[in-house]
Amino acid sequence: KCCAQARGGRWRKRHGGTLSHPAMPASVRFQVDCSLTKEGEIVFVTGGHDSLGSWDPAKAVPLATTAASFPQWSSEPLALPTGQVVEYKYFFQRSNHVGDAKWEQFPGNRKVSPESNAIVTATSTWSKSEGTKVVSEPQLPLEGTSAEDEGDAEPKTPAADAGRLAQTIDLREARRKNFSQSLLALDIDAEEEPSPKKSETPAAAELPTPMRRGVPLQHISSFSALTEMAAAAEKEEVRKTRTRKSSYEPHNINVPVVIVTSEIAPYSKTGGLGLVAASYSYEFARKGHRTMAVSPKYKHFDKISYVGETKVVVNGQEEVVKYWHRFDACGEDDSLGCDHLFVDHPSIQREGGLYNGDDGREYSDNLFRFTLLSLAAMEAPLIIKLNGSTYGDKVLFLANDWQAGLVPLYMCYKYRPNNCYAQSRVIYVIHNLGYQGQYPHVKASHFFGIDSKAAADVEFGNCVNLSKGALICADRVLAVSPNYTKEIQTAAGGFRLESYVRAKGDALRLGGILNGIDDCWNPETDAKIARRYSVENFEAGKAANKVELQKQLGLNQDDGCVLIGFVGRLTWQKGVDVMVQIVSWLMEDTGNGVTGRAQLIMMGNGEKQYADALRWAEGAHPGRVCGYVGFDPKIEHQMMGGCDLFLMPSRYEPCGLPQMYSQRYGTLPIVTATGGLVDSVKDVSQGTDKGTGFHMSHLAPDKMREIVYKAAELYLKFPAEFKQMQRTAMLQDFYWPQAMDEYEKAIDQTLYDPPIVR
């Protein structure tokens with residue numbers, strides 16, 4: 001039986017056709033040639049609309065340039081209304097708005113007319129009012145559009161795709177900009193009657209009725225949130241079998257670490273941030289740091305106790321925040337562990353998700369909630385006695401993503417000027433710069449209780465932008481992979497903040513550390529797979545797991561085929577639109593000894609058009625393709641154990657974890673050369689004795705066919721070389737102790753460097 005039949009699903013005909021997408025607002029990209037700027041100065045555009053700062057220089061939109069494009073400065077496309085002429089003008093100034101602004105020298109203003117369903121690019125020369133070149137191009141579709149919708153406009157590089165994603169996020173409505181939306185509108189059971197109309201497109205093929213499979217996915221933004229992390233005792237038992245020695249001897253173990261995060265597993269998690277924060281809380285304590293993790297008290301957690309309260313001022317009002325405490329030991333020494341502090345306030349606990357209601361829109365008071373979190377986190381080490389003493393005023397704050405982005409700002413403008421935390425430092429960790437904490441029409445000075453200079457650091461156009469403030473004020477900035485650190489310094493990957501990231505790099509206060517993986521991802525101890533195995537006996541172990549996986553998912557039991565897996569959100573970002581285009585090619589036997597000898601498992605949920613594509617693929621190729629619309633963490637483990645290749649064609653991936661899991665299980669990853677995928681997967685071009693996977697230089701159907709063919713051919717025709725790569729992959733060390741050496745280096749560097757003073 002095929003996968004759908006195995007679950008007993010009904011079959012129904014469904015109307016197909018071109019995959020549609022919502023219309024996007026008109027937008028304008030502003031470009032100007034200006035060679036007059038000096039080091040530290042950038043060009044801004046402002047004008048007669050909120051998107052341009054309403055003629056307020058402090059809220060003007062910054063433009064970006066590169067060594068290759070200078071002297072041309074350019075903005076990302078800005079949403080503007082159609083049917084009216086918008087006036088604007090350029091000026092340049094230091095990026096922090098310190099010093100006089102130098103305006104274009106001509107009477108009057110420039111003008112542009114936004115066009116419906118189009119991006120208008122207005123290109124000018126500095127101080128020349130005439131000769132502005134205006135070019136109009138069709139508006140790019142929203143995230144999730146298939147390649148068929150795009151005609152021939154296929155991006156040719158990861159940078160181009162990242163730039164498109166930046167535009168997509170920038171054009172979202174305000175209450176959908178700050179969090180991932182990809183799993184907030186899942187494809188679930190459909191109740192409508194099948195349409196009698198039949199289309200000639202593949203989407204019109206008979207599809208199994210949508211059914212919920214796996215575990216519930218409401219209020220999560222990433223499948224990683226569903227990962228069950230190894231318990232402390234399990235971690236320690238596993239680590240006894242490893243002989244790895246630390247590659248770095250830290251010098252500041254006596255300095256406490258205070259982790260500030262909006263979520264931390266197992267207490268609160270919507271995605272990877274919760275897992276990483278939990279790993280921080282365990283690993284820093286295990287290293288010997290006194291460790292505190294401060295997060296919101298979204299609900300009442302077991303075994304917590306009230307330990308104190310304080311008053312903070314937000315938006316001109318005094319607010320009382322309470323602290324609840326739980327100590328979680330790590331390892332065999334119960335004296336080592338993390339002090340979890342949960343911040344309690346009436347605004348924090350909600351009926352819906354952590355950040356969003358059931359409609360996908362974030363709570364209207366999120367800025368207030370996370371301002372409370374930052375202030376409460378900074379007060380906690382000074383006032384809360386735990387085990388007989390406070391943490392004191394020499395600590396290392398680890399502020400995670402924009403929700404904790406005010407920690408560096410308050411350090412610079414509230415605490416250091418009053419000689420508090422004089423020896424403390426703040427590291428700001430960027431997990432995803434695509435989400436920045438942007439809130440329009442906020443009077444920063446009043447809301448945050450800061451002076452005008454501090455307000456300028458956090459204001460960006462007509463919004464406050466918490467990521468901008470954090471980038472300027474943090475003592476050090478870390479991204480979650482070295483390659484992602486490079487990408488966020490470009491216009492394509494910086495989401496309009498690239499100049500601030502580059503400034504941090506110029507000051508030698510920028511770095512990238514690849515996230516670690518949890519100890520539960522270990523084929524030698526994994527209870528979720530059919531047979532455990534090690535690098536010494538992986539051939540028999542993977543063969544047994546492959547047969548069991550095929551049996552469980554209704555695939556033909558064929559140990560001679562190459563089994564390829566995919567697990568991920570069904571979104572444009574994850575490359576699903578390209579992946580489904582190669583299915584028929586991969587399944588067709590044309591006599592080359594490769595295509596037609598493959599099976600494919602695709603597991604995920606997200607946008608309906610991609611869910612339907614998975615169902616179509618399964619229906620069109622029964623017994624050879626499983627389109628698992630849903631998610632089950634147990635099956636994810638089983639796929640790592642049983643698949644031969646793992647496909648991860650992401651257009652944008654700050655770090656990524658599945659490609660590291662798969663290598664540990666001897667399942668070779670095929671990845672797009674972007675973000676952390678570059679850092680964690682060694683391409684076969686380095687040789688089969690060093691390679692651990694396969695890189696796609698860019699994401700397009702032809703390129704994916706080329707690389708998938710190369711990988712499948714290696715498995716089918718050159719098994720010795722393939723097995724050599726499997727051994728190399730399994731010996732890679734992606735566990736957290738490896739990453740912690742790099743974090744300890746960063747902490748030492750940060751504590752030895754002078755603090756940021758504004």
Step through the shown structure and confirm whether more than 12 heavy atoms of other residues, nucleotides or ligands are within 6.0 Å of CD on Gln84. yes
Between Arg705 and Asp702, is there a salt bridge with N-O shorter than 4.0 Å? yes
Quick one: does Asn465's side chain have a donor or acceptor within less than 3.5 Å of a partner on Gln438's backbone? no
Distance-only, no hydrogens or angles: does the Gln72 side chain make a donor-acceptor pair with backbone N or O of Gln31 under 3.5 Å? no
Have Asn483 and Glu487 got a donor and an acceptor in their side chains that come within less than 3.5 Å? yes
The salt bridge (charged side-chain N to carboxylate O under 4.0 Å, His left out) partner of Glu104 among Lys89, Lys128, Arg110 is Arg110
All heavy atoms of Ile119 vs all of Arg29, minimum pair found to be CG2-NH1, 4.0 Å
How about Thr261 and Gln403: does a side-chain donor come under 3.5 Å of a side-chain acceptor? no
Check the pair Lys504, Ile472 against side chain to side chain contact (heavy atoms under 4.5 Å, CB included), reporting the backbone distance first and the verdict last. CA-CA 8 Å; Lys504 223 64 182 177; Ile472 292 172; 5.8 Å; no
Can you check whether Val681's main-chain N or O pairs, donor with acceptor, with His695's side chain at less than 3.5 Å? yes
How close do Cys655 and Met660 get, heavy atom to heavy atom, and via which atoms? SG-CE, 3.9 Å
Looking at the rings of Phe30 and Trp73, which for Trp means the six-membered one, are their centres under 6.0 Å apart? no
If you look at every heavy atom in Gly512 and Thr485, which pair is closest and at what distance? CA-OG1, 3.2 Å
Could you verify whether a donor N or O on one side chain and an acceptor N or O on the other, from Asp401 and Tyr428, lie under 3.5 Å apart? no
Decide yes or no for Tyr652 and Trp572: does some side-chain heavy atom of the first lie under 4.5 Å from some side-chain heavy atom of the second? no
Candidate list Glu653, Gln732, Gln659, test side-chain hydrogen bond (donor to acceptor under 3.5 Å, both in side chains), partner Ser680, passing option: Gln659
Quick one, Ser113 and Val85 - any side-chain contact, counting heavy atoms below 4.5 Å? yes
Taking C-beta and beyond as the side chain, do Val61 and Thr46 meet within less than 4.5 Å on heavy atoms? no
Here the gap from Asn400 atom CG to Ile259 atom CD1, rounded to the nearest 0.5 Å, amounts to 7.5 Å
Of all the heavy-atom pairs spanning Leu433 and Gly494, show the shortest one and how long it is. CD2-O, 3.6 Å
Run the side chain to side chain contact (heavy atoms under 4.5 Å, CB included) test on Tyr439 and Asn366 for me, step by step, so that the C-alpha distance in whole Å, both residues' side-chain angles and the decisive distance to 0.1 Å come before the verdict. CA-CA 9 Å; Tyr439 294 93; Asn366 268 353; 3.5 Å; yes
Do Val708 and Leu647 come within less than 4.5 Å of each other through their side chains, counting heavy atoms only? yes
Working to the nearest 0.5 Å, report the span between CG of Asn515 and OG of Ser481. 8.5 Å
Donor-acceptor contact below 3.5 Å, side chain Arg758 vs main chain Tyr413: no
Any side-chain heavy atom of Ile430 within less than 4.5 Å of one from Ile488? yes
Determine whether a donor-acceptor pair (N or O, by modelled atom type, separation under 3.5 Å) exists between the side chain of Glu41 and the backbone of Arg94. no
To the nearest 0.5 Å, what is the distance between CG on Leu78 and CZ on Arg496? 5.5 Å
Chi angles and distances behind the side chain to side chain contact (heavy atoms under 4.5 Å, CB included) call for Leu497, Ser467: CA-CA 8 Å; Leu497 295 182; Ser467 294; 3.7 Å; yes
pair Val458-Phe448: side-chain heavy atoms closer than 4.5 Å: yes
Backbone of Leu367 reached by a side-chain donor or acceptor of Thr371 within 3.5 Å: yes
Mind checking whether Tyr280 and Tyr743 have ring centres under 6.0 Å apart? yes
Any side-chain donor-acceptor pair under 3.5 Å between Tyr355 and Glu263? yes
Ala404 versus Ala399, closest heavy-atom pair with distance: O-CB, 3.5 Å
Enter the distance from Ile670:CD1 to Ser662:OG here, rounded to the nearest 0.5 Å. 10.0 Å
Is the Trp126 ring parallel, tilted or perpendicular to the Phe92 ring (thresholds 30°, 60°)? tilted
On a heavy-atom basis, which atom in Leu699 and which in Met696 lie closest, and how many Å separate them? CD1-CE, 4.3 Å
Please walk me through it: do Gln663 and Thr692 pass side-chain hydrogen bond (donor to acceptor under 3.5 Å, both in side chains)? CA-CA 7 Å; Gln663 290 175 74; Thr692 63; 2.9 Å; yes
Polar side-chain atom of Ser127 near backbone of Gln105 as donor-acceptor pair, under 3.5 Å: yes
Would Lys102 and Tyr90 count as a cation-pi pair here, with the cationic atom under 6.0 angstrom from the ring centre and within 45° of the axis? no
For Arg651 and Thr674, what are the C-alpha separation, side-chain angles and deciding distance, and is it a side-chain hydrogen bond (donor to acceptor under 3.5 Å, both in side chains)? CA-CA 7 Å; Arg651 288 181 163 95; Thr674 186; over 6 Å; no
Side chains of Val426 and Pro408, heavy atoms from C-beta outward: is any pair under 4.5 Å? yes
Check: Tyr484 side chain, Gly493 main-chain N or O, donor-acceptor pair, under 3.5 Å: no
Return the NZ to SG distance between Lys59 and Cys463, rounded to the nearest 0.5 Å. 9.0 Å
Would you check if Pro71 and Cys34 make a side-chain contact, meaning some heavy-atom pair closer than 4.5 Å? no
List the steps and the verdict of side chain to side chain contact (heavy atoms under 4.5 Å, CB included) for Phe566 and Met648. CA-CA 7 Å; Phe566 165 86; Met648 197 166 176; over 6 Å; no
Working to the nearest 0.5 angstrom, can you tell me the gap between Leu409 CG and Cys473 SG? 4.5 Å
Looking at Thr672 and Ser650, would you say the former's side chain and the latter's main chain have a donor-acceptor pair under 3.5 Å? yes
Where at least one partner belongs to residues 464-478, residue pairs that pass salt bridge (charged side-chain N to carboxylate O under 4.0 Å, His left out), sequence neighbours excluded: Arg416-Asp475, Arg476-Asp753
For the residue pair Phe91 and Trp103, does the interplanar ring angle fall in the parallel (under 30°), tilted (30 to 60°) or perpendicular (over 60°) class? tilted
Taking Thr125 for the side chain and Asp33 for the main chain, is one N or O donor matched with an acceptor at less than 3.5 Å? no
